[in-house]
Undergrad: 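After the structure tokens below, expect a handful of questions from me.
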Amino acid sequence: MFRAILIEKDADGYHAALRSLEPARLPDCDVRVRVEYSSLNYKDALAITGRGPVVRSFPMVPGIDLAGIVTESGHPDYRAGDRVVLNGWGVGESHWGGLAQQAAVRGDWLVPLPDAFTTRQAMAIGTAGYTAMLCIMALERHGISPASGDIVVTGASGGVGSVAVSLLSRLGYRVVAVTGRPEEEDYLRSLGAAEIVGRDSLSHPGRPLERARWAGAVDVAGGQILASVCAAMQYRGVVTACGLAGGMAFPATVAPFILRGVTLVGVDSVMCPRAERVEAWRRLAQDLNPTELETMTQEIALSDVIPAARDLLEGRIRGRIVVAL
């Protein structure tokens, strides 16, 4: 038997609970993993609480991340004892995910865990940190460098934002952190933020073009905040969009794009090609400060996941949550 969070939808409604399950219930896949750590992400919290249409089939084990040790493998790239990490590919949505002590997944979804990281550190990074790195790689591909100017990071005290602030600062960028939690200023400055901007200053409609302020952006909010960020980009600025914590709408105009040549880059972590995933993890091993990673991480047990999911959606969680399995 193994323990897992199980989401069910039946005549009694939608509910999530900590359950003990038979290994025979795992999906039929070519690799089995003993999960050492998972993490709790915004999407996981939506799935667990039922506040968003994340889960595609029932019953479902949530958890879009996992890191652990291969126990059985029919895949040519992996054998028992290998350390692996998985992000996305629909796990926790349409395929049983990582908030469980055991997982059965497709080997093609896995990435070998870099030697620089423990499985705990891998989940302290998780999809949030891996997505932050994908955003930075996208900025670089579009010609943004530290010499280009300030980089703004929205949702800066959350998982993606915290890692993005730390990485960008370490790479030499001047980082402007946007947050709705002024009490987190010291935390954000400790990660390398040079300037703190209140979320309210971007939360309301403004002019189609505002004063040019930023060369690049990592946006996890969407909605009006993303529109406001675009309106305040410098000429040939680049905005990477990877989240919708502030809403799915995009109430913007074309002005920033046709008058300033702003580029809006969508960053998808779920179906990202394997080669880019491997490179993102290589860069994380090279560029992320392990000490700062620890300061943005808190660890919980599997039994604490359901209440923590509610806290995350209510904005009461800072940084990353790792789940010890």
Side-chain angles (χ1 to χ4, degrees), residues 35-45 63-69 83-88 98-99 111-137 139-140 151 153-173 175 177 179 181 184-194 196 218 220 240 242-243 267 269 277-301 304-305 308 311-312 316-325:
V35 183
E36 293 188 343
Y37 286 92
S38 185
S39 67
L40 184 65
N41 298 278
Y42 189 82
K43 185 180 286 186
D44 300 323
I64 63 174
D65 286 331
L66 66 85
I69 310 298
R83 302 187 321 142
V84 293
V85 61
L86 189 153
N87 310 106
L99 287 169
V111 170
L113 182 59
D115 291 339
F117 298 128
T118 65
T119 51
R120 184 185 187 278
Q121 288 173 323
M123 289 296 94
I125 297 166
T127 287
Y130 147 69
T131 302
M133 180 53 81
L134 290 178
C135 289
I136 292 167
M137 289 164 58
L139 290 173
E140 292 171 345
I151 308 297
V153 178
T154 68
S157 59
V160 176
S162 292
V163 180
V165 169
S166 177
L167 283 168
L168 287 162
S169 174
R170 190 170 171 83
L171 289 168
Y173 292 89
V175 183
T179 182
R181 301 163 66 185
E184 301 293 2
E185 178 170 350
D186 289 345
Y187 163 72
L188 292 170
R189 290 193 183 278
S190 76
L191 297 181
I196 311 298
V218 175
V220 304
T240 59
C242 64
V267 174
S269 63
R277 292 169 181 266
V278 171
E279 175 61 11
W281 278 98
R282 186 195 71 79
R283 286 286 306 275
L284 285 161
Q286 171 184 293
D287 297 330
L288 188 60
N289 184 336
T291 301
E292 288 183 357
L293 181 63
E294 188 60 34
T295 66
M296 65 179 81
T297 303
Q298 58 179 298
E299 181 177 317
I300 64 174
D304 298 323
V305 162
D311 288 341
L312 194 156
R316 293 192 289 267
I317 300 294
R318 179 177 82 182
R320 298 285 295 137
I321 301 176
V322 297
V323 182
L325 276 305

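Excluded from the calculations below are hydrogen atoms, water molecules and symmetry mates; all remaining heavy atoms, backbone and side chain alike, are included. Remember, it's a predicted structure, so these values are computed and weren't measured experimentally.
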Undergrad: Which residue, Leu167, Leu171, Leu288, Leu134, forms the side chain to side chain contact (heavy atoms under 4.5 Å, CB included) with Arg283?
TA: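 Testing Arg283 for a side chain to side chain contact (heavy atoms under 4.5 Å, CB included) against Leu167, Leu171, Leu288, Leu134 leaves exactly one candidate, Leu171.
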Undergrad: So which atom in Leu40 and which in Ala45 form the shortest heavy-atom distance, rounded to 0.1 Å?
TA: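 What the structure gives for the nearest pair is CD1-N, 4.4 Å.
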Undergrad: Just checking, any donor-acceptor pair under 3.5 angstrom between side chains of Ser157 and Glu184?
TA: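 Absent: no donor and acceptor within the cut-off.
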Undergrad: Tell me, do Leu293 and Ser166 make a side-chain contact under 4.5 Å, heavy atoms counted?
TA: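 No, every pair of side-chain atoms sits at 4.5 Å or beyond.
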Undergrad: Are Leu191 and Thr295 packed together at the side-chain level, in the sense that at least one heavy-atom pair is separated by less than 4.5 angstrom?
TA: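 Yes, side chains in contact.
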Undergrad: Under the rule for side chain to side chain donor-acceptor pair (under 3.5 Å), what residues qualify as partners of Ser39, not counting sequence neighbours?
TA: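 Partners of Ser39 by the side chain to side chain donor-acceptor pair (under 3.5 Å) criterion, ordered by chain and then number, come out as Asn41, Asp65, Arg320.
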Undergrad: Are Met133 and Ile125 packed together at the side-chain level, in the sense that at least one heavy-atom pair is separated by less than 4.5 angstrom?
TA: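 Not in contact.
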Undergrad: Using a 4.5 Å cut-off on heavy atoms from C-beta on, say whether the side chain of Leu325 contacts that of Ser38.
TA: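 Yes, their side chains come closer than 4.5 Å.
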Undergrad: Would you tell me whether Tyr37 and Thr118 have side-chain atoms, one donor and one acceptor, within less than 3.5 Å of each other?
TA: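 Checked: Tyr37/Thr118 side chains show no N/O donor-acceptor pair below 3.5 Å.
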Undergrad: In Å and rounded to the nearest 0.5 Å, what is the CG to CD1 distance from Leu99 to Ile64?
TA: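 One finds 9.5 Å between CG of Leu99 and CD1 of Ile64.
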Undergrad: So which atom in Ala122 and which in Trp281 form the shortest heavy-atom distance, rounded to 0.1 Å?
TA: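 Looks like O-CH2, 3.5 Å.
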Undergrad: Arg83 side chain to Gly68 main-chain N or O, any donor-acceptor pair under 3.5 Å?
TA: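 No; judged by distance alone, with no hydrogens or angles, the pair does not exist.
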Undergrad: Look up atom OG in Ser169 and atom CZ in Arg189, then write down how far apart they are to the nearest 0.5 Å.
TA: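 It is 11.5 Å, given to the nearest 0.5 Å.
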Undergrad: At their closest point, which heavy atom of Val165 faces which heavy atom of Ala177, and how far apart are they?
TA: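 Closest approach of Val165 to Ala177, heavy atoms only: CG2-CB, 4.4 Å.
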Undergrad: Any idea which heavy atoms bring Ser269 and Thr127 closest together, and the distance?
TA: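 For Ser269 and Thr127, the tightest heavy-atom pair comes out as OG-CG2, 3.7 Å.
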Undergrad: Mind checking what makes side-chain contact (heavy atoms from CB on, under 4.5 Å) contact with Arg277, not counting sequence neighbours?
TA: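 Asn87, Trp89, Val111, Tyr130, Cys272.
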Undergrad: Do Arg170 and Glu292 touch side chain to side chain, with heavy atoms closer than 4.5 Å?
TA: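 Not in contact.
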Undergrad: Report the C-alpha separation of Ile69 and Glu36 in whole Å, then their side-chain angles, then the decisive distance to 0.1 Å, and conclude whether the side-chain contact (heavy atoms from CB on, under 4.5 Å) test is met.
TA: CA-CA 7 Å; Ile69 310 298; Glu36 293 188 343; 3.5 Å; yes
Undergrad: Show, in sequence, the C-alpha distance, side-chain angles and deciding distance for Leu139 and Val218, and conclude whether the side-chain contact (heavy atoms from CB on, under 4.5 Å) test is met.
TA: CA-CA 9 Å; Leu139 290 173; Val218 175; 4.2 Å; yes
Undergrad: Sequence neighbours excluded, which residues qualify as side chain to side chain donor-acceptor pair (under 3.5 Å) partners of Gln298?
TA: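 Once residues adjacent in sequence are excluded, Gln298 has no partner under the side chain to side chain donor-acceptor pair (under 3.5 Å) criterion.
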Undergrad: Looking at every non-hydrogen atom in both residues, tell me the closest pair between Val35 and Gly98 and how far apart they are.
TA: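 That closest heavy-atom pairing would be CG1-O, 3.8 Å.
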Undergrad: Which pair of heavy atoms, one from Ala308 and one from Ile300, lies closest together, and at what distance?
TA: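 Scanning both residues, the minimum pair turns out to be CB-CD1, 3.9 Å.
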Undergrad: Once rounded to the nearest 0.5 Å, what's the spacing between atom CG of Leu312 and atom CZ of Arg318?
TA: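 Between Leu312 CG and Arg318 CZ, I get 14.0 Å after rounding to 0.5 Å.
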Undergrad: Just verifying a value: how many Å separate Asp44 CG and Ile321 CD1, rounded to the nearest 0.5 Å?
TA: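 Rounded to the nearest 0.5 Å, the CG-CD1 separation comes to 10.0 Å.
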Undergrad: Using a strict threshold of under 4.0 Å (side-chain N to carboxylate O), is an ion pair present between Glu299 and Arg120?
TA: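 Yes, Arg120 and Glu299 are salt-bridged.
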Undergrad: Would Ile151 and Ile136 count as a side-chain contact (heavy atoms from CB on, under 4.5 Å) if you check the C-alpha gap in whole Å, the side-chain angles of each, and the deciding distance to 0.1 Å?
TA: CA-CA 10 Å; Ile151 308 297; Ile136 292 167; over 6 Å; no
Undergrad: Would you confirm whether Thr154, through its side chain, and Val220, through its main-chain N or O, come within 3.5 Å as a donor-acceptor pair?
TA: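 Yes: the side chain of Thr154 pairs with the backbone of Val220.
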